[in-house]
Amino acid sequence: MEGHFHSTDRAGLVLMGQPDMDGLTLHNGIEIPGVLSFLTHGRWVKEVKGLSDFPRDEWPSNVPLLYYSYHIMAGLGTLFTLMMGLSALQLVRGKLWQSRGLLWVLMLALPFPFIANTAGWMTTELGRQPWLIYGLFRTADGYSEQVTPSNVWFTLIGFMGMYALLSVLYFFVTTQIIAKGPEEV
Amino acid sequence: MDTLWFCLLAAMLATYVVFDGFYFGVGILHLFAARSAAERQQVLHSVGPVWDGNEVWLVALGGTMMAVFPKLLATAFAGFYLPLMIVLWLLMFRALGIELRHQVADQLWEQFWDVAFAAASFLLASSWGQHWGTLYAE
Amino acid sequence: MLESLQVRPWTVGFVVLAAGGIYAARRYCLSGSAGKAFLASCLYLYAMMASRASWVFPNVLPGRESSAGLTAAVAATAESTLVQTLYWWVPGMCLALGYTWLVYRALPGKFLVGDGAGH
């Protein structure tokens, strides 16, 4: 998740980088030194254990995806904080409705919360693997034996179909509402 | 203590049936009982504000079962996986029917969602009956 | 079911209550008091579910052979968990029932055709 492969003290918080699973290293990493140790332990110098210190069969199965989804979520979160801070500042100054640039940014940032939300959930569920309950219960041991894979495929495709239908309906209804315009105050 | 919880769970299930039951009935009957658009509106308004809360009794039942009878939850929901998923989709359709109906002022749209609401209510009622019947048939 | 009836013959009372509920619902509906008809049908539903639950007990999930069913004792969590869940359940249920009562009281009377009430 943090792209932290080997244990170090004064572990840094990685801002950007590409994890390399073959070399177990982070390419082109930009990191703020010491922050990860501080966030984990409350002290700038304590050691943070790296991924290679855990047994191989306890690693999540897809580390790069986990890494990217976490960083997308955190990055978008920072973006939101900045955007909203700026907007709050402008609102207090009474200039929000006139700052067209900021308003455009706010409007165009519409899909980002959904993306951040999804990325966050992906982080949680990818990062928990292979454990269902950490240290006690693996996902491979926890499935229902009554439910066959074909059942799960059927319901998965069914849900995808339902959600596709729902998104089309949402789009349609929302454009109708937008086309009607705001109500007379 | 587990006897007490058995009775409490049965009471919660019965409460869900009471609260959602009249909503099923409204769904099934509103195509027959309400002829004009205004009457349909009236029928839907009779359940409008409260149906969300009524659904929650089902969720509460599931949550309480998880805390109290987890093996029952696991066995029943795993064994009934497909039927319960279909019930879930029908619940979604029913909710869609009542909420989307008045979003677009079009005859065909309203009629479609009316029929969807009625069909989903009918299928839901019969599905629940099938579930409990299958579970408790001798 | 027959074994349950032998052990607990008083559960036939639920069936009587359920039948009474149907009869009362029909009577009240014809005489025009819709509220009482609704309550009678609620009685019917509760009595029907109670009769079924009492006949199934102690199984919560009956199997084809009576020994293969899942009993309440096996399915339940530990005693302490049940007690603690009860401590949470009672206030929660009071909240839920109180809210339900409030909401149904707060809604106005019967809607008439032509009311443009917001939904």
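Naming: A, B, ... by sequence-line order, numbering from 1 per chain. As the structure is a prediction and not an experimental result, all values here were calculated from the model.
- Of all the heavy atoms in B/Leu100 and B/Trp109, the pair that sits closest is O-NE1, 2.8 Å.
- Most heavy-atom pairs under 4.5 Å with chain C, from the set B/Leu13, B/Leu8, B/Val56: that is B/Leu8.
- Interface residue B/Thr64: only side-chain heavy atoms are found under 4.5 Å from chain C.
- Interface residue B/Leu4: only side-chain heavy atoms are found under 4.5 Å from chain C.
- In terms of heavy-atom pairs under 4.5 Å with chain B, the best-connected choice from C/Leu45, C/Val83, C/Leu86 is C/Leu86.
- For C/Ser41, no part sits under 4.5 Å from any heavy atom of chain B, backbone or side chain.
- Remark: the backbone N or O of C/Leu82 is paired with a side-chain donor or acceptor of B/Trp5 at under 3.5 angstrom.
- Below 30°, between 30° and 60°, or above 60°: for B/Trp128 and B/Trp132 the angle between ring planes is below 30°, a parallel geometry.
- Within the 4.5 angstrom heavy-atom criterion, only side-chain atoms of C/Thr81, from C-beta onward, approach chain B.
- Only the side chain of C/Trp89 comes within contact range of chain B, with heavy atoms under 4.5 Å apart.
- Taking CG from B/Leu58 and CZ from B/Phe19, the interatomic distance works out to 13.5 Å, rounded to the nearest 0.5 Å.
- When all heavy atoms of C/Gly21 and C/Leu43 are compared, the closest pair comes out as CA-CD2, 4.2 Å.
- In terms of heavy atoms, C/Ala47 sits closest to C/Ala18 at CB-N, 3.5 Å.
- For C/Met48, no part lies under 4.5 angstrom from a heavy atom of chain B.
- For B/Met12, the part lying near chain C is the side chain, with the backbone staying farther off; criterion is any non-hydrogen pair under 4.5 Å.
- No option in B/Phe24, B/Phe93, B/Tyr23 other than B/Tyr23 meets the ring pair (Phe, Tyr, Trp, His ring centres under 6.0 Å) test with B/Phe117.
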